[in-house]
Asker: 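Here it is, the structure in full.
Letters A, B, ... mirror the listed sequences (proteins, then strands); counts begin at 1.
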Protein chains: 2
Amino acid sequence: MVMLRAEEAAMSTFRQLPPDKQERVLDAALAEFADQGYHAASLNRLVAQAGIAKGSLYQYFPNKEGIFRHIFQFALSRVQRRLTTVKEGTLEEGFFVRLEKSLLAGVGFLREHPRIFSLYLKIQFDQNVPCREEFLAAVRRHAAEYFGSLVRRAKARGELRPGVPEAAVLFLLDALFDRFLQAVAVPSLDVTLGLYQAPEEVIRRRVRELLQLLKEGLAA
Amino acid sequence: MVMLRAEEAAMSTFRQLPPDKQERVLDAALAEFADQGYHAASLNRLVAQAGIAKGSLYQYFPNKEGIFRHIFQFALSRVQRRLTTVKEGTLEEGFFVRLEKSLLAGVGFLREHPRIFSLYLKIQFDQNVPCREEFLAAVRRHAAEYFGSLVRRAKARGELRPGVPEAAVLFLLDALFDRFLQAVAVPSLDVTLGLYQAPEEVIRRRVRELLQLLKEGLAA
DNA sequence: TCTCAACATGACCATCTGGTCATACCAAAA
DNA sequence: TTTTGGTATGACCAGATGGTCATGTTGAGA
């Protein structure tokens with residue numbers, strides 16, 4: 001999507017604002033989009049919450065979609081930073097330990113930034129969000145790169161059963177991790193594990209159980 | 001939630017309509033809610049699509065939420081019917097075969113009723129849908145009962161590795177199946193498997209690969 | 001002190017929403 | 001023919017929305 005001159009100017013105005021004001025606007029926008037979803041998000045509420053005038057908003061951003069894009073980019077950069085940290089911090093560990101630490105880091109991130117996760121869910125399942133395809137593709141690419149890197153290293157070190165189809169392993173990991181985080185964040189999405197806002201200790205036990213199942217399989 | 005007299009009267013008016021008209025309204029409502037989500041759904045579009053007057057809608061249903069409830073119940077009953085059929089039709093098969101047939105039946109249902117699945121996704125991830133908790137709980141209960149029944153039978157027949165935690169198995173199955181169906185239905189939700197609108201034969205191969213992973217595990 | 005451009009402001013606009021209601025219609029009964 | 005009860009209708013309502021714009025305010029350079 002091409003950005004017009006006027007939009008660039010507006011964005012640069014925003015970036016030159018006093019940091020605390022920028023933060024107020026960012027926080028209010030994230031809260032509004034994460035809680036309400038794109039369409040239900042109200043710019044009137046947003047400006048009220050941020051303590052700025054409505055006109056000002058349109059001096060910072062070209063329109064509603066522009067605000068939304070900015071919030072998404074902001075959120076994605078936070079996730080990316082955290083993932084990189086975990087990956088580099090566990091380079092020498094075994095595959096299943098790395099998976100365990102990754103999932104626990106995910107839970108930690110989700111608890112520190114519940115609204116970022118909520119925003120992600122909204123984008124994933126509201127078909128009428130603008131730029132949905134583009135945003136989802138970005139998230140999936142990051143996830144695939146992350147798991148792919150772990151799996152390749154595990155293969156190189158001989159930790160995986162020979163002949164397992166890599167694509168299927170990536171899919172299984174993505175599915176399980178995503179759903180685990182969802183179950184921690186969303187009540188009544190969890191069948192049986194009692195993860196919603198569960199204490200740290202329960203989370204750790206469940207993570208280990210699940211990874212054990214992945215490792216050893218279900219069959220007798 | 002209690003239903004008032006007036007609401008009952010309205011509903012019975014709807015049920016006495018000529019079947020083709022009922023169907024037109026139901027189709028239009030399902031399409032509107034599934035495509036737009038609860039809030040973005042427009043009753044003006046709905047009545048235009050169904051070919052009835054706006055006032056008529058309020059002779060059939062008490063309000064927007066009432067229409068939504070009716071659509072949900074309708075959709076759930078369809079799913080339930082299909083699940084029962086599969087369960088009873090595979091009673092004597094092995095655990096992993098039953099899982100395979102269940103997942104393929106899910107894909108079949110999703111392709112026959114894409115809007116029912118879309119409605120389900122909307123309910124799951126839009127926090128501002130009325131009755132969300134109630135509806136999600138109903139869906140989860142059905143899923144848990146279904147998988148639970150399969151797993152208990154598998155245990156009784158000694159098909160599962162002794163000591164596997166049943167709750168974790170249910171969670172893993174629920175996560176994998178749900179995500180698999182989502183990947184078939186939603187583009188750019190699939191990391192690496194190429195499931196979106198894939199031909200029957202690809203689906204079958206992927207299902208077998210994944211169930212094989214579950215069965216035998218990942219570790220060397 | 002005056003000027004001027006950047007920014008702040010909130011009343012205002014067209015448009016859409018869910019929901020209402022006076023009116024019209026129509027079959028069956030009287 | 002008249003009455004009656006259920007149903008169909010769409011103009012209409014208050015309220016909310018995203019977006020605009022004329023008017024203020026401010027602060028640095030002359």
Asker: Using whole Å, report how far NZ of A:Lys21 lies from P of C:dC7.
Answerer: 11 Å
Asker: Does the distance from a Lys or Arg side-chain N to an Asp or Glu carboxylate O, for B:Glu32 and B:Lys64, drop under 4.0 Å?
Answerer: no
Asker: What is the separation between atom CZ on B:Phe61 and atom P on C:dG19, rounded to the nearest whole Å?
Answerer: 13 Å
Asker: Take the protein atom CG of B:Leu57 and the nucleotide atom P of C:dG18, then report the distance between them rounded to whole Å.
Answerer: 10 Å
Asker: So which one's nearest nucleotide on DNA chain D is more toward 5', A:Ser56 or A:Ala41?
Answerer: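 Per heavy-atom nearest nucleotide, the more 5' residue is A:Ala41.
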Asker: At what angle, to 10 degrees, do the two end axes of the helix from C:dT1-D:dA30 to C:dA30-D:dT1 meet, given five pairs define each axis?
Answerer: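 Answer rounded to 10°: the end axes differ by 30°.
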Asker: Tell me whether A:Lys122 forms a cation-pi arrangement with A:Tyr38, defined as NZ or CZ under 6.0 Å from the six-membered ring centre and within 45 degrees of its axis.
Answerer: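 Output no; distance or angle outside limits.
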Asker: On a heavy-atom basis, which atom in A:Leu210 and which in B:Ala168 lie closest, and how many Å separate them?
Answerer: CD2-O, 3.6 Å
Asker: Categorize A:Ala40 for me: base, sugar-phosphate, or nothing, with a 4.0 angstrom heavy-atom threshold over every strand shown.
Answerer: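 Answer is nothing: A:Ala40 stays at 4.0 Å or more from every strand.
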Asker: Go through the structure and list residues passing salt bridge (charged side-chain N to carboxylate O under 4.0 Å, His left out) with A:Arg78, not counting sequence neighbours.
Answerer: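 With neighbours one apart ignored, the set is empty.
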Asker: What I want to find out is whether A:Arg205 reaches A:Glu209 closely enough, with some N-O distance under 4.0 Å, to be called a salt bridge.
Answerer: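 Judged by the 4.0 Å cut-off on N to carboxylate O distance, A:Arg205 and A:Glu209 do not form a salt bridge.
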Asker: Are A:Asp174 and A:Arg140 ion-paired here, with the side-chain N under 4.0 Å from a carboxylate O?
Answerer: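 Salt bridge: yes.
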Asker: Where do A:Ala138 and A:Leu76 come nearest, in terms of heavy atoms and distance?
Answerer: CB-CD2, 4.2 Å
Asker: Considering residues at least two apart in sequence or located in another chain, which fulfil the side chain to side chain donor-acceptor pair (under 3.5 Å) criterion with A:Lys101?
Answerer: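 So A:Lys101 forms a side chain to side chain donor-acceptor pair (under 3.5 Å) with A:Glu93.
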Asker: At a heavy-atom distance below 4.0 Å, what parts of residues 42-55 of chain B sit against DNA chain D?
Answerer: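 Heavy-atom cutoff 4.0 Å gives B:Ala53, B:Lys54, B:Gly55.
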Asker: So does B:Arg115 pair up with B:Asp35, basic N to acidic O under 4.0 Å?
Answerer: yes
Asker: Taking heavy atoms of chain A and a 4.0 Å limit, find me the 5'-most and 3'-most nucleotide of DNA chain D within that range.
Answerer: D:dT17 to D:dC21
Asker: Going by the rule ring-ring contact (aromatic ring centres under 6.0 Å, His included), which residues pair with B:Tyr120 if we only count those two or more places apart in sequence or in a different chain?
Answerer: B:Phe117
Asker: Can you spot which of B:Phe74, B:Tyr58, B:Tyr60 makes a ring pair (Phe, Tyr, Trp, His ring centres under 6.0 Å) with B:Phe14?
Answerer: B:Tyr60
Asker: Could you check how far CZ of A:Arg15 sits from C1' of C:dC7, rounded to whole Å?
Answerer: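 My rounded result for the distance is 17 Å.
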